[in-house]
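The structure appears below as structure tokens.
Proteins come first, then strands; the chains are lettered A, B, ... in the order of their sequence lines, and each starts at number 1. Computed from a predicted model, the values in this text were never measured in an experiment.
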2 protein chains.
Amino acid sequence: MTKPIPENPKGRRDQMRERVLEAAEAVISTKGLAGLKARDISARAGCALGAIYTVFEDLDELILGVNQRTLTRLEAALATPEGAHGEAELQRLARAYLGYARDEEPRWRALFEHRLPPEKPLPDWYARDRDRLFALAEAPLASLLPNEEPPARKLRARTLFSAVHGVVLLGLEEKFAPTSSGTLEAQLREFVATMARGLREN
Amino acid sequence: MTKPIPENPKGRRDQMRERVLEAAEAVISTKGLAGLKARDISARAGCALGAIYTVFEDLDELILGVNQRTLTRLEAALATPEGAHGEAELQRLARAYLGYARDEEPRWRALFEHRLPPEKPLPDWYARDRDRLFALAEAPLASLLPNEEPPARKLRARTLFSAVHGVVLLGLEEKFAPTSSGTLEAQLREFVATMARGLREN
DNA sequence: CGCGAAGATGAACGTTGTTCAGTTTTTTGT
DNA sequence: ACAAAAAACTGAACAACGTTCATCTTCGCG
């Protein structure tokens with residue numbers, strides 16, 4: 001009776017991996033990436049310090065795991081409802097991106113703060129998930145510029161996403177009075193409107 | 001003969017501060033912010049480990065000092081030649097920003113990677129220098145939108161700068177083949193052109 | 001049961017930023 | 001000019017960190 005359940009959906013190893021991942025996620029989403037400590041994780045996951053290193057190469061790989069989950073959640077938060085028409089959809093996307101960044105700021109920041117050592121390149125599975133995010137702007141761009149070739153559109157979606165990211169990133173940096181909460185929304189709305197206008201007058 | 005020189009232009013204390021600052025600058029501009037170690041600094045500056053803490057509160061304040069210098073250099077690299085006319089000047093600014101980010105990548109990254117603990121807010125002298133950077137986009141914006149009120153223009157300059165920053169930041173992230181060197185320049189040029197077009201059709 | 005293999009443990013190591021009692025150097029008072 | 005006071009500098013010591021590894025525990029199977 002060594003196997004209480006005939007076929008575990010997940011091996012014990014995977015359960016531990018899951019617990020560590022969830023513990024790390026909890027820390028990152030409250031204290032941010034800088035507050036992530038190996039000993040804290042092991043305490044929360046109810047395991048020994050060394051156990052972390054039996055399921056993850058090192059903390060960098062663990063963070064990548066957390067970030068992958070964040071990417072999935074972010075993608076869900078940005079999910080296009082039904083029809084994705086031009087500017088309105090771009091506005092919705094940008095607004096939803098700002099919303100997620102606000103609501104889950106530490107977790108969102110971890111996506112871009114974390115940089116792994118230069119000798120280890122980004123895993124392919126991670127790059128793929130990240131690219132799916134950029135691709136969300138492609139559909140609304142397609143209705144604004146129907147004649148653009150897909151590769152050019154892909155690049156343009158990336159650029160537009162990056163620009164919105166920049167506005168949100170530096171906009172959230174200063175939370176003090178000068179830039180009040182509502183101002184950032186207005187900035188972003190105006191920015192997207194200007195971009196859409198510029199795109200139509202091609 | 002306690003004073004070999006009647007009046008030193010800088011006290012010994014300031015000379016040491018300068019040496020530490022320059023050592024830190026050298027490290028950051030080669031190995032990046034993550035490669036900055038207190039012992040490395042003290043060795044390069046030719047002083048004891050503790051000496052750093054006699055001229056800087058902690059490493060965070062030292063990094064702020066280095067970043068302030070970077071801001072000055074960046075500002076110089078973006079300096080407007082003479083007349084600052086509309087889109088052409090915006091194009092030049094964006095291109096120069098990308099150029100500086102490329103040429104001095106670790107130093108430039110340190111500007112945005114460094115985050116000081118939440119209990120200590122940004123010093124005013126640093127915020128002022130940073131705002132001067134954003135303000136560089138105001139003059140060219142003024143010739144595109146002559147009727148805009150100065151406060152609104154200030155905000156718009158900030159937004160536009162943030163957007164360009166986002167494009168450069170995420171554009172430099174992937175240095176591998178897919179996004180070749182020239183592509184990023186083209187992306188940026190196209191982006192600024194679209195923005196200018198949208199702004200003119202107000 | 002027993003026994004090889006795999007997993008988990010936490011003490012220990014090397015490296016980090018920061019502190020502080022002690023020493024040296026500079027400034028001050030007369 | 002010189003001793004006393006103040007300031008600056010030193011580097012050993014400390015706490016906290018990520019990571020490793022000899023050791024112990026548990027699992028899978030005959």
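With rounding to whole Å, B/Gln15 atom CD is found 10 Å from D/dC9 atom P. Rounded to whole Å, the distance from CE on A/Met16 to C1' on D/dT25 is 14 Å. We find that CD1 of A/Ile63 is positioned 9 Å from P of D/dG18, with the value rounded to whole Å. The nearest whole Å value for the distance from the CD atom in A/Glu61 to the P atom in D/dG18 is 16 Å. The nearest whole Å value for the distance from the CZ atom in A/Arg19 to the C1' atom in C/dA8 is 11 Å. Between the P atom of C/dG7 and the CD1 atom of A/Ile52 lies a distance of 17 Å, rounded to the nearest Å. Whole-Å rounding puts the A/Asp40 CG to D/dC17 P distance at 9 Å.
Taking the side chain as every heavy atom from C-beta outward, B/Phe112 and A/Phe112 never approach each other to under 4.5 Å. Residues A/Leu36 and A/Val66 form no side-chain contact, since every pair of their non-hydrogen atoms from C-beta on lies 4.5 Å or further apart. Using a 4.5 Å cut-off on side-chain heavy atoms (C-beta onward), B/Leu199 and B/Leu141 make contact. Looking only at side-chain heavy atoms (C-beta outward), B/Tyr126 and B/Leu71 come within less than 4.5 Å of each other.
To the nearest 0.5 Å, atoms OG1 (B/Thr30) and CD (B/Glu25) are separated by 11.0 Å.
For A/Thr54 and C/dG7, the shortest distance from a side-chain N or O to OP1 or OP2 is not below 4.0 Å.
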Might you list the N or O atoms of the protein lying below 3.5 Å from N or O atoms in nucleotides 17-20 of chain C, with each pair's distance?
| from | atom 1 | to | atom 2 | distance (Å) |
| --- | --- | --- | --- | --- |
| C/dG17 | OP1 | B/Leu36 | O | 3.2 |
| C/dG17 | OP1 | B/Ala38 | N | 3.4 |
| C/dG17 | OP2 | B/Ala38 | N | 2.8 |
| C/dG17 | N7 | B/Arg39 | NH1 | 2.8 |
| C/dG17 | O6 | B/Arg39 | NH2 | 2.7 |
| C/dT18 | OP2 | B/Tyr53 | OH | 2.9 |
| C/dT18 | OP2 | B/Leu59 | N | 3.2 |

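Relative to the ring axis of A/Phe56, A/Arg17 places its NZ or CZ within 45° and under 6.0 Å from the centre.
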